[in-house]
Amino acid sequence: MSAELPPGVPAPPTGPGALERHLRQRRDAGAKLLVPYVTGGLGADWVDAVRAAADAGADAVEVGIPFSDPVMDGPVIQQASDQALHAGATPVSVLESLRRADVGVPLVVMTYYNLCFHMGHERFAASLAEAGVRAAILPDLPLEEVGPWAGAADAAGVETVLLAAPTAPDERLPRICTRARGFVYAVGLLGVTGERAELAESATVIAARLKAVTDKPVLIGVGVSNAEQAVQACAVADGVVVGSAVVRRLLEGEGPEGVAAFLRGIRHALDATS
Amino acid sequence: MSLPEPSIDGRFGEFGGRFVPETLVPACQELEEAFRHAWADPAFHDELDALLRDYAGRPSPLTECHRLSEALGVRVLLKREDLNHTGSHKINNVLGQALLARRMGKTRLVAETGAGQHGVATATAAALLGLECLVYMGEVDMERQALNVFRMRLLGAEVRPAVTGSRTLKDAINEAMRDWVATVGGTHYCLGSVMGPHPYPWMVRELHTVIGTEARAQCEALLGGAPDVVTACVGGGSNAIGIFSGFVGTPAELVGVEPAGGAAIARGVPGVVHGSKSFLLQDEFGQVNEAHSISAGLDYPGIGPEHSHLATIGRARYVSVTDAEVVEAFQLLSRTEGIIPALEPAHALAWIARDRASLAGRTVLVNLSGRGDKDVAQMMDVLG
Ligand SMILES: Cc1ncc(COP(=O)(O)O)c(C=O)c1O
């Protein structure tokens, strides 16, 4: 199924990339997908936290490159970004750490478009590839603007994950899914990242709408806060992205062990359902 | 000739665009559509023009500054946006957007504000039209513009501090965008300058062309043509583009004046933040730098995309002045003309004063974008 893309947006390469193949394989083997998020440069042991997440059963790990003005992020990830920036984190330092990290599962970078634009699309794509990063998520780069970056990323073998939000009219979703690589990121609620007491109803609604138009992996992110919510989300979605709940634990000093214990709980709950 | 519409993808040359979270894309598309319809609808113009006339007090006068002109050796004319209701040009944009919001069935306005003038204008329009209103303002700005915080609250708006980053305008915009992401169904984001994602830079410009249109006719009557130079201060650039719009088709030189600590054109490079591509102060990695200006309304590291375009093609030029020069100019206009300007337009006056040698004998039209009442308390501290 391939929908028409906006002007200037190149068709994606035919066939899935390495991240998507990995996630499909896991899904087709019956697993629900768990992708935790860690802010790059947060504390001296953030790379250990990434490894701990992988060891605890993450199927891929999303690493944030901190940006000065994170408009899609709520207070927890804002604070983490601020701390990391104050500690001197840069795109170069975060990627250099990842290059040496040997995490064992695919890595995905999440950051804001200006860092990519400033470095230059080709250079940014090349530096992700050199660091062993499989995919990128740029939440302020929607489908209509993704063309120049996506072209460079495709050429470098970096998969560009696209977000799909509850506000999208039906005809928009197939276009997003056609261009999305790696997985489709279903935005679980109207709002920015952050933990919520309950999983928003909109989460499974958007996931179901996406599942109806794509067979790419569909992961719900934004507002997935614990094992119970992850299980609810995965009743419809192929998996979840868990961000603020992980980062809060790091901010509160629980360290890699705390992250691992939390994620093992989610992994266990997800495995119990599948 | 007037300023052209941006391209279908919201570009002025290479600048502009719509770099927003996916959640907001449909809202931006809907807004573009709604504005396009409203702007082509004579009934919308009738309603807006009536409000601008009977409520905001337009047209604003053109004032010739005899004593200031004599002091500087430059003939200075002021477009008196300071005399509008709420004390600045911001009301032009806000009345238009509030009417549009109502037309779109939105019941709540969210806005950012720096100096508080846009926040006060938004709170005013919300009160007038019976809309709910929430204004984000940097914590630093709430302190230095405490009077405007009180005014907004008096008008029935909620004012919420932005407590991250530099705690100024840039951070207030971040908070307003985060709010909009969460409330997009019933809320209109009433952005206060010619920046943000398409259609804002275009829509806000159109709502301010009234300044340029009036000024052009007033100059025709007074001078029999255009002035030699048209100048305005530039934060995001709404008052500047408003007055420039009336003179792009004339030989007049167009000069935008930025604060030295927020000179996006002089010291920035192209970047993307707050929804559009434009010149932006940033570090070697693309992290957005904090601006530093005595004027809360200009304390912003970016600039509206159309200004980046006008600078690139050379149709306008952009200069900067220091806080000290601004303080001088603030006092100069007060003493020579009996007009206390806001610190923002005092930037444009400061440039004329500094460059008076090269401007000698020429006629300069200044957009006096706001009055200085809001700045008096701050200047009491500065001047001791
Ligand atoms: C009086 C006045 N002039 C100018 C500005 C700057 O805005 P812009 O550059 O959009 O005209 C402000 C902003 O607060 C203002 O209050």
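Every chain is numbered from 1, with letters handed out A, B, ... down the list of sequences.
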Worksheet entry | Derivation and outcome, side chain to side chain contact (heavy atoms under 4.5 Å, CB included), residues B/N174 and A/Q78 | CA-CA 11 Å; B/N174 289 339; A/Q78 283 177 49; over 6 Å; no

Discussion item. Is B/V163 in contact with chain A via its backbone, its side chain, both, or neither, using a 4.5 Å heavy-atom distance?
Written reply: neither

Practice prompt. Please look at B/P197 and chain A and tell me whether the side chain, the backbone, both or neither of the residue comes under 4.5 angstrom of a heavy atom of that chain.
Written response: neither

Discussion item. Please classify the contact between A/V187 and chain B as side chain, backbone, both or neither, with a heavy-atom cut-off of under 4.5 Å.
Written reply: side chain

Once you round to the nearest 0.5 Å, how far does [atom1] of [X] lie from [atom2] of [Y]?
X	Y	atom1	atom2	value
B/F285	A/S93	CZ	OG	7.5 Å
A/L190	B/T183	CG	OG1	8.5 Å
B/F19	A/L141	CZ	CG	6.5 Å
B/D283	A/L85	CG	CG	8.5 Å
A/M72	B/T23	CE	OG1	5.0 Å

[X] atom [atom1], over 12 foreign heavy atoms within 6.0 Å:
X	atom1	value
B/E158	CD	yes
A/E198	CD	no
B/R267	CZ	no
B/I313	CD1	yes
A/E4	CD	no

Using side-chain heavy atoms (C-beta onward) and a distance below 4.5 Å, is [X] in contact with [Y]?
X	Y	answer
B/V25	A/E144	yes
B/V20	A/D140	no
B/V288	A/F67	yes
B/Q287	A/N114	no
A/F117	B/K277	yes

Backbone N or O of [Y] within a donor-acceptor pair of the [X] side chain at under 3.5 Å?
X	Y	result
A/T167	B/P26	no
A/H118	B/E284	yes
B/R178	A/G74	no

Pairs of heavy atoms under 4.5 Å with chain B: top-ranked of [options]:
options	result
A/P70, A/P169, A/P6	A/P70
A/P75, A/A165, A/P7, A/A164	A/A165
A/E145, A/R172, A/M119	A/E145

Worksheet item: Sequence neighbours excluded, which residues qualify as side chain to side chain donor-acceptor pair (under 3.5 Å) partners of B/R205?
Response: B/E306

Fill in: When B/K170, B/M177, B/H274, B/Q29 are compared by non-hydrogen pairs under 4.5 Å with chain A, the top option
B/K170

